[in-house]
Novice: 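Handing you a structure now.
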Amino acid sequence: MEFRRTHYTSHVTPEMNGQTVKLAGWVHEIRDLGGIMFLVLRDREGMAQITLFKKTIDPEVLKTAKALSRESVVLVEGEVKAEAKAPGGYELVPIKINLLNPAKSPLPMDTTGKVNAELDTRLDNRFMDVRRPRTQAVFHIRHHMLSAVREFLEQEGFIEITTPKVVATATEGGTALFPITYFDTEAFLNQSPQLFKQLMMSGGMDKVFEIGPIFRAEEHDTRRHLNEATSIDIEASFMDHEDVMVILENLIVYVYEKIAERAVPSLKTLGIELTIPKAPFRRLTYDEAIEVNNENSKEFLEWGDDLSTNAEKVIGKVIGEHYFIKDWPTEIKPYYTQPYEDEPKVTKAFDMMHPRMELSSGAQRVHDHDILRKRIQDQGLNPDGFEFYLKAFRYGIPPHSGWGLGAERLLMTMLDVDNIRDVVLFPRDRKRVSP
RNA sequence: GUCCGGAUAGUGUAGGGGACUAUCAUGAAGGCCUGUCGAGCCUCCGACCCGGGUUCGAAUCCCGGUCCGGGCGCCA
């Protein structure tokens with residue numbers, strides 16, 4: 001049975017009046033008015049109205065149409081008729097309807113937007129949830145986001161790399177890792193490409209980036225955490241933290257611009273009017289951030305404290321747009337961040353914030369082997385486990401800097417989505433490993 | 001982990017000791033209707049998370065469990 005389409009619904013225009021086309025997709029809605037019957041066919045790009053005049057239609061076609069259930073997959077061959085009364089300015093008068101796969105009813109959830117479904121129901125039935133234009137729009141935008149990131153970084157001279165997700169050691173300490181069985185040795189799912197992208201600085205690749213999954217075995221349970229997330233990571237040699245901050249803010253602006261330009265229908269579906277942030281972003285020092293918090297919050301922070309969720313919100317509200325917090329206390333940043341030479345208590349690390357939450361963190365890295373080794377030790381880690389990493393620092397590694405940016409957080413803040421699970425097809429959280 | 005809140009037809013909900021033969025919408029089944037576009041109208045189908053307890057009587061109150069949502073924590 002024929003199943004190849006000639007057009008997507010959105011590619012058919014009223015000017016094609018009289019032409020025969022084949023549209024393939026899902027039966028979105030059925031409206032039978034008696035003498036006339038309307039089917040709404042939905043595909044990736046939109047919807048098209050199929051109109052059946054019962055007096056003149058081929059009885060075989062009518063019979064097939066009457067037996068259709070919602071969300072069944074069909075191929076409709078028909079004649080395009082320019083029709084002002086039809087949505088999109090055209091309708092299709094069917095010559096043939098091929099039922100390619102019938103859908104059972106009732107459906108596990110509504111796809112038309114008439115009745116809400118809870119996130120849990122939607123995630124359990126993600127295949128069907130993705131048929132909803134709103135969900136579809138989110139993932140079209142996600143595609144444009146990732147594509148714009150690649151484009152921008154490539155223009156900036158970055159080389160895309162992929163690093164292992166199965167690793168031997170708890171590379172960075174701190175966050176909990178997922179242990180896995182790897183033949184007869186112990187291994188883990190990697191929490192970040194950090195160490196590997198730094199190795200490539202020693203490798204002379206100069207500027208690299210990776211877009212890939214990161215895994216954290218933390219038992220967090222919030223709307224902005226996942227146990228499997230997508231990280232956009234860069235590392236660049238002969239650059240300091242200020243240099244990569246500029247790259248980061250320009251990237252954010254670029255991504256917003258490209259989405260505003262390329263994802264117009266999806267943004268419209270979501271009812272979003274994108275406000276494109278302006279670079280340069282405001283730069284607060286850690287000291288200033290603490291001050292802003294202490295002036296505006298009941299919660300008092302002392303120098304050396306990490307910013308609580310509340311502090312992030314308070315400062316975000318005051319600033320009201322993307323901003324950086326830089327010059328953090330060395331103590332609360334990882335061993336690989338480079339302290340200031342003249343003030344070692346402060347490190348060349350930064351976070352990039354959206355008013356709602358942290359999006360990215362980065363730093364200039366320590367590139368001196370002995371200092372790095374000592375700092376690993378000082379943080380209570382065993383340098384022996386880092387030998388594969390430290391080795392690269394003994395044979396010529398340039399000064400370098402980099403950052404990691406949470407792809408989901410970037411998307412959710414851009415689209416003003418409340419729950420991070422909404423911007424991941426199959427989110428992995430504390431309680432969900434399936435589907 | 002912890003503190004709140006919740007769990008009612010396929011989906012989303014109302015109802016907080018008796019008026020529950022459980023509300024409404026959507027949906028499914030059947031019917032009417034030639035321009036619908038969240039079509040309309042008529043008929044009809046479909047549910048109180050699990051286990052204990054209190055009570056003459058529990059969807060409703062209590063205890064335990066499971067699951068879900070939100071806040072916080074954890075997350076360099």
Side-chain angles (χ1 to χ4, degrees), chain A residues 28-42 47-57 66 69-71 81 83-89 91 93 103-125 128-129 132 170-177 191-192 194-195 214-227 229 299 306-313 328-337 347 349-351 357-358 361-363 365 375-376 378-381 403-404 406 409 418-421 429-432:
Chain A
H28 188 66
E29 283 188 282
I30 302 165
R31 279 191 282 272
D32 190 346
L33 274 66
I36 190 168
M37 181 177 180
F38 300 103
L39 300 177
V40 178
L41 180 139
R42 187 192 68 242
M47 314 222 192
Q49 176 166 289
I50 317 294
T51 306
L52 294 86
F53 302 94
K54 292 193 183 169
K55 272 189 182 159
T56 53
I57 197 87
K66 286 192 95 159
S69 58
R70 289 166 66 227
E71 295 302 322
K81 206 178 127 198
E83 172 57 72
K85 280 182 277 190
E91 61 191 14
V93 180
K104 275 181 67 173
S105 52
L107 301 167
M109 56 175 287
D110 171 60
T111 55
T112 63
K114 284 181 202 165
V115 185
N116 274 20
E118 289 191 343
L119 181 60
D120 200 46
T121 305
R122 290 172 41 220
L123 292 177
D124 282 340
N125 300 283
M128 185 151 288
D129 180 46
R132 295 165 65 234
T171 45
E172 296 180 44
T175 194
L177 302 183
Q191 68 187 92
S192 145
Q194 181 63 33
L195 272 32
I214 56 170
F215 304 90
R216 313 236 160 146
E218 297 299 332
E219 295 187 355
H220 34 222
D221 191 7
T222 79
R223 294 185 293 173
R224 58 187 189 286
H225 289 281
L226 290 168
N227 294 294
E299 180 196 22
D306 207 344
L307 297 186
S308 61
T309 308
N310 188 254
E312 280 186 10
K313 280 181 190 159
W328 287 75
T330 304
E331 214 174 85
I332 55 172
K333 285 291 177 186
Y335 58 83
Y336 49 75
T337 69
T347 187
F350 60 87
D351 282 3
M357 67 187 83
E358 178 190 333
S361 65
R365 323 299 191 184
R375 296 211 56 206
I376 289 172
D378 288 351
Q379 292 205 355
L381 300 164
W403 42 253
R409 288 188 174 191
D418 289 332
N419 195 314
I420 196 165
R421 283 157 259 246
D429 63 36
R430 176 96 175 78
K431 289 168 182 166
R432 183 178 284 278

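So that the names make sense, note that chain A is the first sequence line, chain B the second, and so on, each numbered from 1. Predicted model only: the values in this text are computed from it and were never measured.
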Novice: According to side chain to side chain donor-acceptor pair (under 3.5 Å), who are the partners of A/Asp351, at least two apart in sequence or on a separate chain?
Specialist: A/Lys333

Novice: If you only use heavy atoms from C-beta on, which nucleotide in B/G71, B/U36, B/G73 is closest to the side chain of A/Lys313?
Specialist: B/G71

Novice: Run the salt bridge (Lys or Arg N to Asp or Glu O under 4.0 Å) test against A/Asp32 and tell me which residues pass, sequence neighbours left out.
Specialist: A/Lys54

Novice: Considering only atom C1', compute the distance from B/G16 to B/A22 and round it to an integer number of Å.
Specialist: 14 Å

Novice: Report yes if at least one side-chain N or O of A/Thr309 is closer than 4.0 Å to OP1 or OP2 of B/G71; otherwise report no.
Specialist: no

Novice: Side chain of A/Glu219 only, heavy atoms from C-beta on: which candidate in B/C74, B/G35, B/G1 is closest?
Specialist: B/G1

Novice: Between B/G12, B/C74, B/G1, spot the one nearest the side chain of A/Thr222, thanks.
Specialist: B/C74

Novice: Work out how far the C1' atom of B/G5 is from that of B/C75, and round it to whole angstrom.
Specialist: 25 Å

Novice: Check A/Arg224 with A/Glu312, please: is the shortest side-chain N to carboxylate O separation under 4.0 Å?
Specialist: no

Novice: Taking B/C63 as the reference, what is the distance to B/C20 when you measure between their C1' atoms (whole Å, please)?
Specialist: 26 Å

Novice: In whole Å, what separates the P atom of B/C4 from that of B/G64?
Specialist: 12 Å

Novice: Between B/U54 and B/U11, how far apart are the P atoms? Round to whole Å, please.
Specialist: 34 Å

Novice: Taking any heavy-atom pair under 4.0 Å as a contact, classify A/Lys81: base, sugar-phosphate, or nothing.
Specialist: base

Novice: With P as the reference atom in both, quote the distance from B/C61 to B/A25 in angstrom, rounded to an integer.
Specialist: 26 Å

Novice: If the condition is side chain to side chain donor-acceptor pair (under 3.5 Å), which residues does A/Asp306 pass it with, not counting sequence neighbours?
Specialist: none

Novice: A/Asp378: which residues meet the side chain to side chain contact (heavy atoms under 4.5 Å, CB included) condition with it, sequence neighbours left out?
Specialist: A/Lys374

Novice: Checking A/Ser105 now: which residues fulfil side chain to side chain contact (heavy atoms under 4.5 Å, CB included) with it, not counting sequence neighbours?
Specialist: none

Novice: Can you tell me which nucleotide in B/C68, B/G35, B/C74 comes closest to the side chain of A/His220?
Specialist: B/C74

Novice: Considering only the C1' atoms, how many Å lie between B/A14 and B/C24, rounded to the nearest integer?
Specialist: 7 Å

Novice: Does a salt bridge link A/Arg70 with A/Asp110, judged by any charged N lying under 4.0 Å from a carboxylate O?
Specialist: yes

Novice: For B/U36, does the base pair up with any side-chain atom of A/Gln49 as donor and acceptor (N or O, under 3.5 Å, distance only)?
Specialist: yes

Novice: Please enumerate all residues that pass side chain to side chain donor-acceptor pair (under 3.5 Å) together with A/Glu219, with sequence neighbours excluded.
Specialist: none

Novice: For A/Arg421 and B/G69, is the shortest distance between a side-chain N/O and OP1 or OP2 below 4.0 Å?
Specialist: no

Novice: I'd like a table of atom pairs between the protein and nucleotides 22-30 of chain B - only N or O on both sides, under 3.5 Å - with the distance next to each one.
Specialist:
unit_1: B/G27; atom_1: OP1; unit_2: A/Lys114; atom_2: NZ; d: 3.0
unit_1: B/G27; atom_1: O3'; unit_2: A/Arg70; atom_2: NH1; d: 3.3

Novice: Under 4.0 Å between a side-chain N/O of A/Thr121 and OP1 or OP2 of B/G12, yes or no?
Specialist: yes

Novice: When you check the gap from the basic side-chain N to the acidic O, do A/Arg432 and A/Asp124 get nearer than 4.0 Å?
Specialist: yes

Novice: Among the nucleotides B/G70, B/C68, B/U36, which one has an atom lying closest to any side-chain atom of A/Asn419?
Specialist: B/G70

Novice: What nucleotide, of B/G35, B/G1, B/U11, holds the atom closest to the side chain of A/Asp221?
Specialist: B/G1

Novice: Please write out each protein N/O paired with an N/O of nucleotides 40-50 of chain B under 3.5 Å, distance rounded to 0.1 Å.
Specialist:
none

Novice: Only counting residues at least two apart or in another chain, list the ones meeting side chain to side chain contact (heavy atoms under 4.5 Å, CB included) with A/Asn419.
Specialist: A/Leu119, A/Arg223, A/Arg421, A/Asp422

Novice: Salt bridge or not between A/Arg42 and A/Glu71? Use side-chain N to carboxylate O under 4.0 Å.
Specialist: yes

Novice: Which of these nucleotides, B/U11, B/G35, B/C74, is closest to any side-chain atom of A/Glu218?
Specialist: B/C74

Novice: Counting just side-chain N and O atoms, does A/Asn310 come under 4.0 Å of either OP1 or OP2 of B/G73?
Specialist: no

Novice: When rounded to the nearest Å, what value does the distance between C1' atoms of B/C48 and B/U13 take?
Specialist: 13 Å

Novice: Can you check whether A/Arg432 has a side-chain N or O nearer than 4.0 Å to OP1 or OP2 of B/C67?
Specialist: no

